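Down below is the structure, laid out as structure tokens.
Just so you know, these numbers come straight off a predicted model, no measurement behind them. What you see below is based on every heavy atom in this structure, not just the backbone, and it leaves out hydrogens, waters and symmetry mates.
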Amino acid sequence: MTATLTPPAAGPAASVRAGAVPRRRTRLLALPEVRWAAAATALFLLALPLQLAGAPAWIWGPLYALSYATGGWEPGWEGLKALKDRTLDVDLLMVVAALGAASIGQVMDGALLIVIFATSGALEALATARTADSVRGLLDLAPATATRIAADGSEQTVPLAELAVGDTVLVRPGESVGADGRVLDGASEVDQASITGEPLPAAKEPGDEVFAGTLNGTGALRVRVERDASDSVIARIVRMVEEATETKAPTQLFIEKVEQRYSLGMVAATLAVFGVPLAFGDAFSEALLRAMTFMIVASPCAVVLATMPPLLSAIANAGRHGVLVKSAVAMERLGQIDAVALDKTGTLTEGTPRVVDVRPLRERGLDEAELLTLAAAAEHPSEHPLARAVVDAARERGLDLPAAEDFTSSPGIGVRAVVGGRTVEVGAPARLLAEAEAESKVEGEAEVEAECAAEADADAGSDADGVVAALARELEESGRTAVLVVVDGAPAGVLGIADRLRRDAAATVAALTVLTGTAPILLTGDNPRAAANLAAEAGIEDVRAGLLPQDKVGAVRELEGAGRRVMVVGDGVNDAPALAAAHIGVAMGRVGSDLALETADAVIVRDELAAVPATVALSRRARELVVQNLAIAGVFIAGLVVWDLAGTLPLPLGVAGHEGSTVLVGLNGLRLLRDAAWKRAAAEGIG
């Protein structure tokens, strides 16, 4: 072991990255929809207290008029353009209803309707812009430049766009890999969690594949470029997210599915209520008043509120309990799912490697505490994730770590240090044993005079090597990463390191099985053996391992092709395309990547996996209230319309009935704001 762990040199590439401009997010007020909605809301909030305080109409009237104009011109214009395609959408109908309300003196009601629709449009525009920001920012994972090695051996710092297939690039310790390729020379560990989701860095040797945007460890690598930058895995992830976002079926709330027929029917009926009596000799003012009364009582205000308050209340309640649902559409979709696909690392597991097994060799005379103390002391100067896991395990047990001296690190092999006068090596069992065997042969050849003693030592060493190999194999077959500890040249024990299953993972899997009627599936880029062991522990039978991002998307589309509505739960960049392609995507918030958080429709902010089935149950409760509210609104509208057509419905009474039904369905929907609603949903989620 000759390589010493030192900080990577600050070369030209590092300088470029250090000076790189950080990714910019779309500013809130940069979106015209947000500006118009903010203006409409501000004007409404200025006019409302003046009206309620009894101020003259000439003071608050213009403010309401400006609120109508700023908040209603865009949906009105879009509705008029839709009319050119012989389509009548609910936005235009809401603008007409708002103007109709104003024409008969209900100015405040119409302005409130305008503000609600303008705000909804602004939120949708903001969500779309933020998702686009994250997709563009994904390309920042790859460095701006790479170090290309010319034919004469000289090094050149070039932009990634200038790299061609067949070029050789140098990836120094701590640098990001600039292109998809294959290792020609060198050894290191590469953190490729952003691509594969593997919790631990992958050892790389000549012949192994590496991906752009992954992070190199402590060794230097020479890599032959095998893909153009536009065809790299990270670039394909960007394209998949964009395509999934664009081709995803249009999101519609339940009530919007019938908006065309309702809108056309209401407009036609209003014209008939106005025109027919007028044709039979009624006075113009009387016919207009009856038509306006009809339009008010038949307008879909109560129907709209029948849908939104339950969903918005469910969103607010979920938010108080650590679940951010980004829209009413997303909340509604959560209750529609009938299949679930779960990521492994960071979703079902904690996402952090931990020591779960300490196996000392008895013949070495060390117990678990002593073995862990020596290993942690030797690993303490290292920044490798496995080293941190060993040190954390020692600290959790309250062990005092002596100082390590003469620390060295060999990429792909392990570390060596002198601890309390004893030489301690920690690393991969196969490589440490191979190195020890090679050193023993060299020493045996140099010590000819002690041939018999050397042979006896070799036999003893072979026995120990066999025990170590058996222990390592046992741990690896159970899904652990085996780490060998060698003390003074002889194996002393093996540590088993694994990403631990979340405490609520098994209960969550069982709850989702009850809610959807089918067990979740596991989609992971990790190796099949580790995935199968963890899935068995969580209660999952359908395991699909070793998947790249496009493979996860393929699995989701396969399920949806079979008529399933799939919810994907994940946390990494590699999960983002599947999150975008699914019927509903849910991201784990604490460890989730920016792209996953922006692409997902909902975020589990506190990383409590059990909140997923609870939110699904809450969404289904919201859908039940929507159906109740639609029934209430339908009864009121039908009753008032019949009264207006069959008799003479006084306008104030019509307005009171219409507003009363609106208030009633609104209050019914607000029932989901109570903590009891979340507790009930959580109980249903647990099953």
Side-chain angles (χ1 to χ4, degrees), residues 1-8 172-174 186-191 199-205 215-221 352-361 364 366 368-395 397 399-440 464-465 468 471-472 475-476 480-498:
M1 298 184 177
T2 56
T4 303
L5 185 64
T6 56
R172 294 186 174 88
S188 187
E189 301 92 5
V190 176
D191 182 354
L200 300 175
K204 297 295 180 180
E205 296 178 328
L215 184 64
N216 187 27
T218 57
L221 299 173
T352 304
R354 297 178 182 274
V355 174
V356 294
D357 289 286
V358 181
R359 304 283 187 88
L361 298 181
R364 294 293 293 164
L366 297 177
E368 291 188 7
E370 291 170 330
L371 179 66
L372 188 56
T373 297
L374 290 173
E379 292 275 27
H380 189 267
S382 175
E383 296 182 355
H384 194 282
L386 290 180
R388 291 196 294 270
V390 174
V391 174
D392 289 344
R395 286 174 174 166
R397 297 192 182 198
L399 302 178
D400 294 326
L401 303 184
E405 301 175 350
D406 300 328
F407 173 82
T408 58
S409 172
S410 294
I413 297 177
V415 302
R416 171 186 284 177
V418 176
V419 180
R422 310 174 77 176
T423 301
V424 180
E425 299 169 78
V426 185
R431 299 187 183 184
L432 282 183
L433 290 175
E435 186 179 73
E437 182 180 353
E439 291 178 355
S440 296
D465 291 353
V468 167
L471 279 176
L475 291 173
E476 289 171 354
R480 272 70 163 153
T481 297
V483 175
L484 174 61
V485 182
V486 177
V487 180
D488 291 332
V494 182
L495 307 178
I497 299 178

Can you name the closest pair of heavy atoms from [X] and [Y] and give their distance?
{"X": "P360", "Y": "L366", "answer": "CB-O, 3.3 Å"}
{"X": "A376", "Y": "A394", "answer": "CB-CB, 3.6 Å"}
{"X": "K204", "Y": "V190", "answer": "CG-CG2, 3.5 Å"}
{"X": "P353", "Y": "I497", "answer": "CB-CG2, 3.8 Å"}
{"X": "A377", "Y": "A404", "answer": "O-CB, 3.3 Å"}

Are the side chains of [X] and [Y] in touch, meaning some heavy atoms are under 4.5 Å apart?
{"X": "T373", "Y": "D400", "answer": "no"}
{"X": "V426", "Y": "V390", "answer": "no"}
{"X": "L386", "Y": "E189", "answer": "no"}
{"X": "N216", "Y": "R172", "answer": "no"}

Output the distance between atom OG (S409) and atom CZ (R416), rounded to the nearest 0.5 Å.
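These two atoms lie 12.0 Å from each other.
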How many angstroms lie between CD in E368 and CG in D357, if you round to the nearest 0.5 Å?
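The CG atom of D357 is 9.0 Å from CD of E368, to the nearest 0.5 Å.
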So which of [options] actually passes side-chain contact (heavy atoms from CB on, under 4.5 Å) with [X]?
{"X": "L495", "options": "T481, L484, V358", "value": "V358"}
{"X": "E379", "options": "L401, V424, V415", "value": "V415"}
{"X": "V494", "options": "V483, L471, V485", "value": "L471"}

